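Since this is a predicted model, take the numbers as computed values, not measurements.
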Amino acid sequence: MSSLTDPPESAAGRAAPASQSPARRAWQRFRRNRLGYWSLLLFVCLFGVSLLAEVVSNDKPLVARYDGRWYAPVFSNVPETEFGGDFKSPTDYLDPFIQQQFRQPGSFALYPPNRYHHSTINYFAKEPNPAPPSAENWLGTDDRGRDVAARLLYGFRISVLFALALTAVGTVLGVITGAFQGFFGGKIDLAFQRFIEIWGSMPELYLLIIFAALFDPSIGLLLVLLSLFGWMGLSDYVRAEFLRNRQLDYVRAARALGLSNWQIIRRHVLPNSMTPVVTFLPFRMSGAILALTSLDFLGLGVPPGTPSLGEMLAQGKNNIDAWWISLSTFAVLVITLLLLTFMGDALRDALDPRKASS
């Protein structure tokens, strides 16, 4: 009865969502999942802040003025002699003498919110290291006197960037190998499956230990080694999607029209097989962050001195009394993984074909 009295524009408004693209409808379903949507916003904000870590947490002023001249120390090394010092070495802006120089009339220095870089060692600290949280060091210091908040900020950035790179490389390799197996099938698929079984049985951790002993540790080497094994899980899902989609009528029609295999894959099969790829992206990022943290905890990850969540956890283990190191690092790791998990759940629900009509 209500449909007879509804104005025409309301009926059109109800019909509008049906004319929207599938991607837009999926995005609207994702936004309706408040937990996943706000997790995405929070994660993007945190990652954006970490990308500006040099501006947020640094032992160098953003802008300084001394003796009528302007400086941008955060972008360049300024010798101490420029500020009345005795040496031409890079200026230590935590030195009480340098700070006193900037208090002179006509001089000033604009510092970041946190006055410590991840590598800064405060030689003028009033308490022995590791020092508990204070107004000077928000989350305390580690056993070498470095600011925990700064190392967590820079370590979070490295972890996310590494996870994005590893996810991208693993996704590309997984899609290529899975598509090749699923589309052509037959002996090609059989040979690839046997190769994956053999390659997957390789002791990944032992290989990492061997390469860590042979080569100097680096982010690039770690990315290559983990990428060699990170593509196999996604390859199985892509293979299954291609095996299913290659038998559908629109693929047979494309073959009948004379399209090449590459054109069929690119235009028809691949776009309709990307649902598991997109759905697993946040979960693959979580796995990459956990892998990097675990290897750093064991000393097999990034080079020494590089800020890392795993290295911070190892410091917390070695300094049980310094509870602030373990607690803050554990909180950052848990929050990061929870945000990615909530995003993955919301993305999975948004791309669920059973909810496509909602």
Side-chain angles (χ1 to χ4, degrees), residues 49-158 161 216-220 296 299 301-312 314-316 318-319 322 324-325 328-329:
V49 171
S50 71
L51 291 177
L52 301 174
E54 285 78 8
V55 180
V56 177
S57 181
N58 207 324
D59 57 357
K60 300 178 180 179
L62 303 177
V63 178
R65 177 178 172 84
Y66 180 79
D67 196 19
R69 300 181 61 183
W70 290 90
Y71 301 90
V74 72
F75 298 111
S76 61
N77 290 323
V78 182
E80 184 180 302
T81 52
E82 291 287 330
F83 305 118
D86 298 326
F87 305 100
K88 292 186 178 182
S89 58
T91 305
D92 182 2
Y93 296 95
L94 298 179
D95 190 336
F97 171 78
I98 298 297
Q99 295 184 4
Q100 181 64 34
Q101 294 293 91
F102 287 129
R103 296 192 187 99
Q104 297 179 5
S107 302
F108 76 94
L110 178 62
Y111 285 89
N114 186 31
R115 295 190 177 189
Y116 295 93
H117 190 258
H118 70 80
S119 60
T120 303
I121 298 178
N122 187 3
Y123 295 103
F124 308 96
K126 299 178 181 179
E127 298 186 28
N129 300 315
S134 62
E136 187 176 1
N137 300 104
W138 301 339
L139 298 177
T141 61
D142 62 8
D143 55 4
R144 300 180 186 178
R146 299 172 297 189
D147 186 70
V148 172
R151 293 190 67 80
L152 288 178
L153 179 62
Y154 285 86
F156 173 79
R157 179 175 67 178
I158 289 178
L161 290 176
D216 293 332
S218 65
I219 293 289
D296 289 338
V302 297
T306 305
S308 165
L309 299 180
E311 187 265 344
M312 294 296 294
Q315 279 209 36
N318 296 330
N319 301 275
W324 52 90
I325 300 178
S328 57
T329 307

Check side chain to side chain contact (heavy atoms under 4.5 Å, CB included) between V63 and all other residues, then give those that pass, not counting sequence neighbours. W70
Heavy-atom check, side chain of Q104 versus side chain of Y66, under 4.5 Å: yes
Nearest 0.5 Å please: distance from the CD1 atom of I121 over to the CG atom of L94. 11.5 Å
Give a yes or no answer on whether the side chain of S57 reaches the backbone of A53 with a donor-acceptor pair at less than 3.5 Å. no
Could you check D142 against N129 for side chain to side chain contact (heavy atoms under 4.5 Å, CB included), going step by step and ending with a plain yes or no? CA-CA 6 Å; D142 62 8; N129 300 315; over 6 Å; no
Are the side chains of S328 and W138 in contact, using a 4.5 Å heavy-atom criterion? no
What closest approach, in Å, do A149 and N114 show between heavy atoms, and which atom pair accounts for it? CB-ND2, 4.2 Å
Is any side-chain heavy atom of V56 closer than 4.5 Å to a side-chain heavy atom of P112? no
What closest approach, in Å, do F102 and R65 show between heavy atoms, and which atom pair accounts for it? CD2-O, 4.1 Å
With a 4.5 Å heavy-atom cut-off, do V55 and L62 have their side chains touching? yes
Supply the atom-to-atom distance E80 CD to D95 CG, rounded to the nearest 0.5 angstrom. 6.5 Å
May I have the step-by-step check of side chain to side chain contact (heavy atoms under 4.5 Å, CB included) for N77 and K60, ending in yes or no? CA-CA 9 Å; N77 290 323; K60 300 178 180 179; 2.6 Å; yes
For the CZ atom of F75 and the CD atom of E54, what is their distance to the nearest 0.5 Å? 9.5 Å
When rounded to the nearest 0.5 angstrom, what distance separates CZ in R144 from OG1 in T120? 14.0 Å
Could you pull out the closest heavy-atom pair between F156 and S50, with the gap in Å? CD2-CB, 3.7 Å
Please check if the side chain of T141 supplies one atom and the backbone of A131 the other of a donor-acceptor pair under 3.5 Å. yes
State whether a side-chain donor-acceptor pair under 3.5 Å links N318 with D143. no
Within the 4.5 Å heavy-atom criterion, are I98 and Y93 side-chain neighbours or not? yes
To the closest 0.5 Å, what do you measure between CD1 (I158) and NE2 (H118)? 6.5 Å
Going by heavy atoms in the side chains, are E82 and T91 under 4.5 Å from each other? no
What closest approach, in Å, do D86 and T81 show between heavy atoms, and which atom pair accounts for it? C-CG2, 4.1 Å
I'd like to check Y154 versus S119 (side-chain heavy atoms, cut-off strictly below 4.5 Å). Are they in contact? no
Identify the heavy atoms of Q101 and G84 that sit nearest to each other, and give their distance. NE2-CA, 3.9 Å
When rounded to the nearest 0.5 angstrom, what distance separates NZ in K126 from OG in S134? 9.5 Å
Applying side chain to side chain contact (heavy atoms under 4.5 Å, CB included), run through I325 and M312 and close with a yes or a no. CA-CA 7 Å; I325 300 178; M312 294 296 294; 3.9 Å; yes
Do other residues, nucleotides or ligands put more than 12 heavy atoms under 6.0 Å from R69 CZ? no
Out of the candidates E136, R146, R151, only one should pair with Y116 under the side-chain hydrogen bond (donor to acceptor under 3.5 Å, both in side chains) rule; please name it. E136
